[in-house]
Amino acid sequence: MIEKKICVSEKSCSLKEVIDIIGGKWALPIVYRLSKGKMRFKELERSVEGINTRMLVKELKNMEANGIITREVFATVPPTVEYTLTSKGEKLMPSIGALYSWGQEFID
């Protein structure tokens with residue numbers, strides 16, 4: 001079998017770079033939850049089953065740095081923070097749907 005190369009030039013990104021941009025194992029569930037609309041930090045933490053606070057903070061910072069989400073802070077006491085997907089983040093939804101469909105077909 002001939003291995004198909006993903007990148008055609010040095011200027012295009014490799015699959016590893018794509019994974020680095022998206023983030024860790026929690027990134028896709030976070031993106032999926034945010035696809036429903038704006039969410040506050042605690043709402044997001046409660047809706048992503050199994051994630052701890054430290055990991056959620058780490059993933060959100062990574063995704064914000066890579067332009068997947070935006071973070072909006074409101075001057076309230078205590079501070080209110082809302083997260084939303086950027087257009088770049090919204091473009092991940094077809095891929096997440098395809099991964100979900102693949103899982104439905106091949107994972108028991």
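Judged by distance alone, the side chain of N62 and the main-chain N or O of K58 form no donor-acceptor pair under 3.5 Å. Using modelled atom types, no side-chain atom of T80 and backbone atom of T76 make a donor-acceptor pair closer than 3.5 Å. In this structure, N52 contributes its side chain and R54 its backbone to a donor-acceptor pair below 3.5 Å. For E43 (side chain) and R40 (main-chain N/O), a donor-acceptor pair under 3.5 Å exists by modelled atom type.
If you take CD1 on I69 and CG on L60, they are separated by 4.5 Å, rounding to the nearest 0.5 Å. Here the CD1 atom belonging to I96 is positioned 9.5 Å from the OH atom belonging to Y32, to the nearest 0.5 angstrom. Atom-to-atom distance recorded for M63:CE and Y83:OH is 9.5 Å, nearest 0.5 angstrom. The line from CD1 of I30 to CD of E45 is 10.5 Å long, rounded to the nearest 0.5 Å. Put simply, CZ on R46 and CZ on R33 are 13.5 Å apart, with the number rounded to the nearest 0.5 Å. The structure places CZ of R71 at 9.5 Å from CZ of F41, a figure rounded to the nearest 0.5 Å.
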Walk me through whether E90 and S35 qualify under side-chain contact (heavy atoms from CB on, under 4.5 Å). CA-CA 7 Å; E90 289 172 357; S35 70; over 6 Å; no

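The nearest pair of heavy atoms linking A27 to I22 is CB-O, 3.1 Å. Across all non-hydrogen atoms, the minimal contact from W26 to E49 is CZ3-O, 3.3 Å.
Residues M39 and V57 share a hydrophobic cluster, clusters being chains of Ile/Leu/Val/Met/Phe/Trp/Tyr side chains in contact below 4.5 Å. When hydrophobic clusters are built by joining Ile, Leu, Val, Met, Phe, Trp and Tyr residues whose side-chain heavy atoms come closer than 4.5 Å, directly or via intermediates, W102 is not grouped with V31. Residues L85 and Y100 are members of separate hydrophobic clusters, defined by side-chain heavy-atom contacts under 4.5 angstrom among Ile, Leu, Val, Met, Phe, Trp and Tyr.
Under the 4.5 angstrom side-chain criterion for Ile, Leu, Val, Met, Phe, Trp and Tyr, V77 has no cluster partners at all.
With hydrogens and angles left out, the side-chain atoms of T70 and T84 include a donor and acceptor closer than 3.5 Å.
For K91, the NZ atom sits in a loose shell: 12 or fewer heavy atoms of surrounding residues, nucleotides or ligands are nearer than 6.0 Å.
For residues 78-87, the salt bridge (charged side-chain N to carboxylate O under 4.0 Å, His left out) pairs, not counting sequence neighbours, are K38-E82.
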